[in-house]
Amino acid sequence: MSGCGNGSDNLEDIGNNFKRVVVQPPKKTSSIIIQQDPDDSQTITSSLKPKSNCCGGNENKSSCCSSNKIEEKPKSGGCCGGSDNKSSPSPSSSSSSSCCSSNKIEEIPKSGGCCGGSDNKSSSSSPSSSSCCSSKNNNKIEEKPKSGGCCGGNEKSNNDSCCKSEKITTTTTTTTTNKPIIKDDSNIISSDATKVIEGDIIKASVGCPSDTPLAGSESICSSCPGQSACKSQADNPDKKSIEIRMKVIKNKILVMSSKGGVGKSTVSSLLSYGFSKRNNNTTKVSVLDVDICGPSIPKLMGVEKMQIINSEYGWIPPKVQQANHDIKVMSVGFLLGSPDAPVIWKGPRKTTMIRRFLKDTFWGKQDYLIIDTPPGTSDEHLSIINSLKTCNPDGAILVTTPQNLSCDTVKKEISLCRELNLPIIGIIENLSGFVCPCCDEITEIFKSDGGKNLAEEFNIPFLGKIPIDTNLGKSAENGVCSICDNPSSPGSLAIQSIIDKIDQIIIDNKKKL
Amino acid sequence: MSDQLVAPPPENCPGTQSEMSGKSSACAGCPNQQICATAPKGPDPDLVEIEERMKTVKHKILVLSGKGGVGKSTFSSQLSFALSMDENVEVGLLDIDICGPSIPKIMGLEGENIHISGQGWDPVYVQDNLAVMSVGFLLDKEEDAVIWRGPKKNGIIKQFLKDVYWNELDYLVIDTPPGTSDEHLSIVQYLKTSNLSGAVIVTSPQDVALIDVRKEINFCKKVGVPIIGVVENMSGFVCPKCNKESQIFIPTTGGAEKMSQDMNVPFLGRIPIDPLIARSCDEGKSYLITHPNSEATKQYNLIFNKIKETVK
């Protein structure tokens, strides 16, 4: 199965019933590079570490490549090779912040060149010491060299190259800790690499620097057929266009939740209605729907029959046709031939579409851009966050229901935000309590306070609870603003107070910068 | 081979698996050209292995929904519990929701691990005749996020099918994530030669959900997956105090039943909202066992019987 959609492979070709709008379909050129490891299908790690520029240990005191920093995404820009943090305390301490310190296993250095162990040759400690690609005998698996020129396991037979062969492919079968053990040369699964216990198998992933300025220039690129494409793309012209578009938008807020059906789209639409009513209905708001497979925003905002217009300034998004609301909406829903046509795209195509939304949509000067995301922690999220990285997004609002199952899943989204350094504005607990219209008895259908407890546990502001309000549901189905229709219903009141809190948090955060 | 492509095929791509791949004029300039031209053509050998594994599984049921949060995982787990109530029936539950694996929690298997035996990966057993596999078992902590792009997810799904030792199963229930994307394409593609019995589509009554579900039905029709039927979940709530039924998720366009008629697919039934279902899921217990006499259980059983009849 091809790693990207298109072509004559039957399954991928279907569902692309794009109607003839004035908009040109996205260009499918070789400038589209997949964020993919060369042996992607076989190496599996628990989390991708995208490639924001490695500060080399300078920006973060808690250095970008320190122990237990798996969640870091250094590595574009060059692993310091241990040199930036020479002054840090004992390299063998696990809390040391040298770029290639002990427990490096969890590091993902390597764009910019794995030191090859040489930087730390002088380290006096045991094998578990701080060479960048070392540590205990058979745990090199957990290394993630590779963007930027670690051998990727290829220089196996030589010397103390950074990725000694048997390390990567070694499996052990100890069950002393009863941890998952999966044996297979190429199909090694790693769980969170901070958990390195002797005998566990964790395989490094090969990091492709395609998303970084070093794309195409790293040593690992020499064997990659995509090298020429990467080199030509190295400047990433898209990024500049996106920055230009985003510069005139004051506040950019993502609405996320790894759990489906918690109300992300509903909350996004309510937030947009709420924000647009401020300052006597003069606030300009835009909503971007990056849920490519299930775009709900057009329906919720009553614009599903409208079209995008192509102009010299870019794609002009349709506007909400309700009085007192200056809201523009962009969604893949407008590009479909029929509302029932499925969009069966693989990741890379979705990434391209999202970039085009950001790059080509003529938003104009806006006060707020609210971005509705699909459930999960996958392509769309990585793409949107990476694309907006240099545009100062205000952060993410996480939506959950009170149920444990939902909160547990949303913890993953919190991990994602922390890994990608996206600030979290707060947590909203939706579907929190049902008020029976007949007797006013409140029933907690999905338990209670789950969102609040989650916020406390992770030290995130709790923005508020939205009860199950049938008026909200009706207005949503009809694509109208429920705050205008029923301003005093519990749902509307809840959303108003949430908006006030969000504003305050954004202002506070901006002051801190 | 197909996993080695590094860029999307260009327009007019002759097909990455075709005879002309890498050689036609459209291939010039495509980063995949080298790979296509030199890689061996023909069926993916992994598919052959998957077919072998799946030969011992009689009925494979996909649980789909274009929309998130309608109750796919809840439904899959209850279906598995119900099917496995007969001790002579062997049931497997495969969770291919890589980013948000809910099945371990719902089945009460949090913290469990996967072990390897000579025959492959051993699934985790809830009871003697109910085996479960999910990416959740590979994560250390529940807050570990699995932030993978499509190809990686496809890789693990392949492994679930290829390497897991399911042994002889009467039913394999496959829980999917929302949407119509990588995971869905992969599972359908990998099981193409293994006789997928069909798909059950779960939805809630609201129109916002039905839009996505219509897409899912069209997806199934296009890829050739037979549709066993549509289930309307979270359909109606009976207030425990006054016993009045309200619709929380309002079916402005007639709900799932009307949609199934319009799209010519069987309608299997409705399940009302019961807060105890959510609680059972949180606690990892089977709702059908803890509350055998509730309205929701009756509806579940009716629907499950219809499914069993259809797949026979």
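Chain identifiers are assigned alphabetically (A, B, ...) following the order of the sequence lines, protein sequences preceding nucleic acid strands; residue numbering begins at 1 within each chain.
- A salt bridge is defined here as a Lys NZ or Arg NE, NH1 or NH2 lying under 4.0 Å from an Asp or Glu carboxylate O, and A:Asp340 with B:Lys215 fails to meet this definition.
- Panel note: side chain A:Asp379, backbone B:Gly150; a donor-acceptor pair is recorded below 3.5 Å.
- Within the 4.5 Å cutoff, the side chain of B:Arg149 has heavy atoms near those of the A:Thr351 side chain.
- Contact annotation for A:Ile292: neither backbone nor side-chain heavy atoms come within less than 4.5 Å of a heavy atom of chain B.
- A search for side-chain contact (heavy atoms from CB on, under 4.5 Å) contacts involving A:Ile414 returns A:Leu398, A:Arg418, A:Ile424, A:Ile427, A:Leu454, A:Phe458, A:Ile460, not counting sequence neighbours.
- Heavy-atom distances place no part of A:Thr266 under 4.5 Å from chain B, backbone and side chain included.
- Contact annotation for B:Val70: neither backbone nor side-chain heavy atoms come within less than 4.5 Å of a heavy atom of chain A.
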Going through the checks in order, is the side-chain contact (heavy atoms from CB on, under 4.5 Å) test met by A:Lys299 and B:Asp212? CA-CA 11 Å; A:Lys299 166 120 188 119; B:Asp212 290 340; over 6 Å; no
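- Across every non-hydrogen atom of B:Ala145 and A:Lys412, the tightest pair is CB-O, 3.3 Å.
- Ranked by non-hydrogen atom pairs under 4.5 Å with chain B, the options A:Gly263, A:Ser406, A:Gly376, A:Gly294 are led by A:Gly294.
- Taking the charged nitrogens against the carboxylate oxygens, A:Asp408 and B:Lys105 do have a contact shorter than 4.0 Å, which makes a salt bridge.
- Closest approach of A:Lys259 and B:Gly69 over heavy atoms only: NZ-CA, 4.5 Å.
- Defined by atom type and a distance below 3.5 Å, a donor-acceptor pair is present between the side-chain atoms of A:Lys350 and B:Ser181.
- With a threshold of 4.5 angstrom between heavy atoms, B:Pro178 approaches chain A through side-chain atoms but not through N, CA, C or O.
- With rounding to the nearest 0.5 angstrom, the CD1 atom of A:Ile344 is 6.0 Å from the CG atom of B:Leu185.
- Listed options B:Cys281, B:Pro275, B:Ser73, B:Ala209 were ranked by heavy-atom pairs under 4.5 angstrom with chain A; first place goes to B:Pro275.
- Contacts of B:Met234 with chain A are made by side-chain atoms alone, with heavy-atom separations under 4.5 Å and no backbone atom involved.
- Residues A:Glu477 and B:Asp207 approach most closely at OE1-N, 2.8 Å, considering heavy atoms.
- In this structure, B:Val146 and A:Thr377 approach most closely via the heavy-atom pair O-OG1, 2.8 Å.
- Between chain B and the options A:Ala476, A:Ser383, A:Ser265, the largest number of non-hydrogen pairs under 4.5 Å is found for A:Ser383.
- Ranked by heavy-atom pairs under 4.5 Å with chain B, the list A:Ser258, A:Pro295, A:Gly260, A:Ser296 is led by A:Gly260.
- In terms of heavy-atom proximity, A:Lys346 sits nearest to B:Asn154 at NZ-ND2, 3.7 Å.
- With a 4.5 Å cut-off on side-chain heavy atoms, B:Ile147 and A:His381 do not count as touching.
- Every residue was checked against the salt bridge (Lys or Arg N to Asp or Glu O under 4.0 Å) condition with B:Glu216, not counting sequence neighbours, and none meets it.
- Your options are B:Val213, B:Ile217, B:Leu210, B:Ile211, and the one with the most heavy-atom pairs under 4.5 Å with chain A is B:Ile211.
- Taken from CG in B:Asn218 to OG in A:Ser338, the straight-line distance is 7.0 Å, to the nearest 0.5 Å.
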